[in-house]
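Notes to accompany the following structure.
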Amino acid sequence: MAKPVSIEVWNPNGKYRVVSTKPMPGTRWINLLVEQDCRVEICTQKKTILSIEDIIALIGDKCDGVIGQLTEEWGDALFSALSRAGGKAFSNMAVGYNNVNVDAATKHGVAVGNTPGVLTETTAELAASLSLAAARRIVEADEFMRAGLYDGWLPNLFVGNLLKGQTVGVIGAGRIGSAYARMMVEGFKMNLIYYDLYQATRLEKFITGYAEFLRANGEQPVTWKRAASMEEVLREADVISLHPILDKTTFHLINKESLATMKKEAILVNCSRGPVIDEVALVEHLKHNPMFRVGLDVFEDEPYMKPGLADQKNAIVVPHIASASKWTREGMATLAALNVLGKIKGYPIWSDPNRVEPFLKEDASPPAACPSIVNAKALGLPVSKL
Ligand SMILES: NC(=O)C1=CN([C@@H]2O[C@H](COP(=O)(O)OP(=O)(O)OC[C@H]3O[C@@H](n4cnc5c(N)ncnc54)[C@H](O)[C@@H]3O)[C@@H](O)[C@H]2O)C=CC1
Ligand SMILES: O=C(O)C(=O)CO
């Protein structure tokens with residue numbers, strides 16, 4: 001068994017043992033656990049992705065809860081190890097939990113937490129950044145400049161796309177997709193077409209109000225449309241950003257056939273999960289359509305890219321950093337710790353996981369509740385009246 005070598009311990013005499021598989025930003029999350037009598041053990045092993053054996057060794061014989069990462073496969077092996085060690089709580093430090101087998105956790109009586117809300121704007125801002133960088137060819141132009149190739153202004157140098165008046169398409173208009181849509185519509189006066197299983201009522205109202213404001217000021221109003229199918233979005237939009245969860249309905253949502261329906265000069269952005277795109281098909285599409293551009297934060301076989309992707313000038317690639325703002329990452333750590341702590345203390349579940357601000361106030365104690373437990377219903381956990 002590969003035993004993790006390096007552990008940092010806070011409050012060694014704490015009653016409850018909580019393990020974090022990684023150091024996380026900020027100290028508030030540690031302080032909140034320590035104040036409530038937890039011994040906090042942080043794995044500081046220099047290995048980015050821990051194996052199942054590493055995590056089983058970390059869990060040990062007695063463990064009340066674990067804070068884990070989206071790079072770890074939390075399935076039956078880990079939940080049974082946690083349950084054998086007396087653990088009742090696990091939280092991903094992420095909103096997405098496609099790396100977690102929630103049914104296995106429920107079977108072992110383990111609550112599964114995630115961290116919604118605190119990363120909505122930060123993630124949407126990266127999707128907007130990738131959209132702009134792709135539209136205006138910023139990365140290519142930066143490389144050109146650094147290579148010493150700039151020898152004077154030219155009318156045809158790095159000509160890109162104007163966003164104003166074009167159509168932005170959003171697939172998955174939940175928290176992040178809606179925030180991204182608002183940024184692109186309000187910031188760049190784009191028209192919206194979106195596809196989601198549910199109606200994004202607040203987003204529609206926001207755009208209707210903004211359109212009225214523009215009209216009243218003598219400007220061209222923006223428009224919105226809820227598409228009846230994803231294909232409609234792919235056909236009509238100039239910039240398309242993917243924001244659904246990853247599950248079997250969204251695996252390879254973007255594939256050879258769907259790419260073929262998109263405009264030749266479209267921009268595709270993915271800040272959701274890599275397998276939402278068939279990356280092999282995408283590489284082929286990029287090769288044959290030089291004016292088609294992508295901005296990718298996530299990859300099908302993370303941390304690897306499919307062969308050929310890195311050679312494509314029309315692809316911008318960044319290493320899964322969409323939620324990487326200081327405020328957000330500290331907030332994610334806090335929510336993950338409070339999910340675990342709340343379950344250990346027997347607190348009820350917060351009633352609205354979209355409204356997590358009360359947990360994030362630096363100068364106030366957080367509510368006595370678990371911010372977001374995805375299998376709360378299946379475990380029959382009570383909901384907070386706060
Ligand atoms: N790249 C990064 O660092 C980050 C990635 N994410 C990813 O973004 C995802 C979305 O996060 P949130 O917006 O907070 O979640 P959310 O649950 O608010 O939104 C997801 C939306 O996808 C929709 N959806 C589900 N299946 C669909 C389908 N087949 N077709 C179209 N829409 C579908 C849902 O109805 C929902 O509105 C997360 O699950 C995570 O995987 C989230 C944060 C950071
Ligand atoms: O939260 C998530 O789902 C991420 O991908 C990282 O923030």
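Whatever order the structure lists ligands and atoms in, that order sets their numbers, starting from 1. Because the structure is a prediction, the values reported are computed rather than measured.
Considering backbone and side-chain N/O atoms, Ser323 comes within less than 3.5 Å of an N/O atom of ligand 2. Ligand 1 has no nitrogen or oxygen under 3.5 angstrom from a nitrogen or oxygen of Asp247. Polar contact check, Cys271 against ligand 1: a nitrogen or oxygen pair lies under 3.5 Å apart. Looking at Arg273 next to ligand 2, an N or O pair under 3.5 Å apart turns up. For Val95, no nitrogen or oxygen atom sits less than 3.5 Å from a nitrogen or oxygen atom of ligand 1, counting backbone and side chain alike. The shortest N or O to N or O distance between Asn98 and ligand 1 is not below 3.5 Å.
Proximity of Val298 to ligand 2, defined as any heavy-atom pair under 4.0 Å, is not found for any part of the residue. Contacts between Ile245 and ligand 1, counted as non-hydrogen atom pairs separated by less than 4.0 Å, involve both the backbone and the side chain.
Aromatic ring centroids of Trp74 and Phe79 lie under 6.0 Å apart.
For atom 35 (O) of ligand 1, the closest non-hydrogen atom of the protein is Asp196 OD1, 2.6 Å. Taking atom 19 (O) of ligand 1 as the reference point, the nearest protein heavy-atom neighbour is Gly174 CA, 3.4 Å. At the top of the distance list for atom 16 (P) of ligand 1, counting protein heavy atoms only, stands Arg175 NH2, 3.8 Å. Protein heavy atom at the shortest distance from atom 1 (O) of ligand 2 is Val95 N, 2.8 Å. Here the heavy atom of the protein found nearest to atom 10 (C) of ligand 1 is His243 O, 3.5 Å. In terms of protein heavy-atom proximity, atom 4 (C) of ligand 2 is nearest to Leu70 CD2, 3.4 Å.
Proximity to Ser323 (heavy-atom distance under 4.0 Å) selects the following atoms of ligand 1: 3 (O). Atoms of ligand 1 found under 4.0 Å from any heavy atom of Asp297, numbered from 1 in the order shown, are 1 (N), 2 (C), 3 (O). The ligand atoms of ligand 1 that sit less than 4.0 angstrom from a heavy atom of Tyr198 are 35 (O). Near Tyr195, the atoms of ligand 1 lying under 4.0 angstrom from a non-hydrogen atom of the residue are 30 (N), 31 (C). Short contacts between ligand 2 and Ala94, defined as distances under 4.0 Å to a heavy atom of the residue, involve ligand atoms 1 (O), 2 (C), 3 (O). Set against the non-hydrogen atoms of His320, the atoms of ligand 1 under 4.0 Å away are 1 (N), 2 (C), 3 (O).
When each of Ile254, Val269, Leu234, Ile267 is paired with Ile240, the side-chain contact (heavy atoms from CB on, under 4.5 Å) condition holds for Leu234 and for no other.
Side chain to side chain, Asp54 and Ser51 meet the donor-acceptor criterion of an N or O pair below 3.5 Å. A donor-acceptor contact closer than 3.5 angstrom is absent between the side chains of Asp247 and Asn98. Checking Asn314 against Gln312 by side-chain atom types alone, a donor-acceptor pair falls below 3.5 Å. If you check the side chains of Ser178 and Tyr194, you find no donor sitting under 3.5 Å from an acceptor. When only modelled atom types and interatomic distance are considered, Asn270 and His243 share no side-chain donor-acceptor pair under 3.5 Å.
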- side chain to side chain contact (heavy atoms under 4.5 Å, CB included) assessment of Glu212 paired with Thr208: CA-CA 6 Å; Glu212 277 160 19; Thr208 303; 3.8 Å; yes
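The pair Arg28-Glu35 fails the salt-bridge criterion, with no side-chain N (NZ, NE, NH1 or NH2) lying under 4.0 Å from an Asp/Glu carboxylate O. Remark: Asp103 does not engage Lys107 in a salt bridge, criterion side-chain N to carboxylate O under 4.0 Å.
Ligand 1 is never approached by Leu246 to a heavy-atom distance shorter than 4.0 Å.
When atom types are taken as modelled, the side chain of Glu232 and the backbone of Ala228 share a donor-acceptor pair closer than 3.5 angstrom. In this structure, Asn191 contributes its side chain and Thr223 its backbone to a donor-acceptor pair below 3.5 Å.
Note: His285 and Phe292 have perpendicular aromatic rings, judged against thresholds of 30 and 60 degrees for the angle between ring planes.
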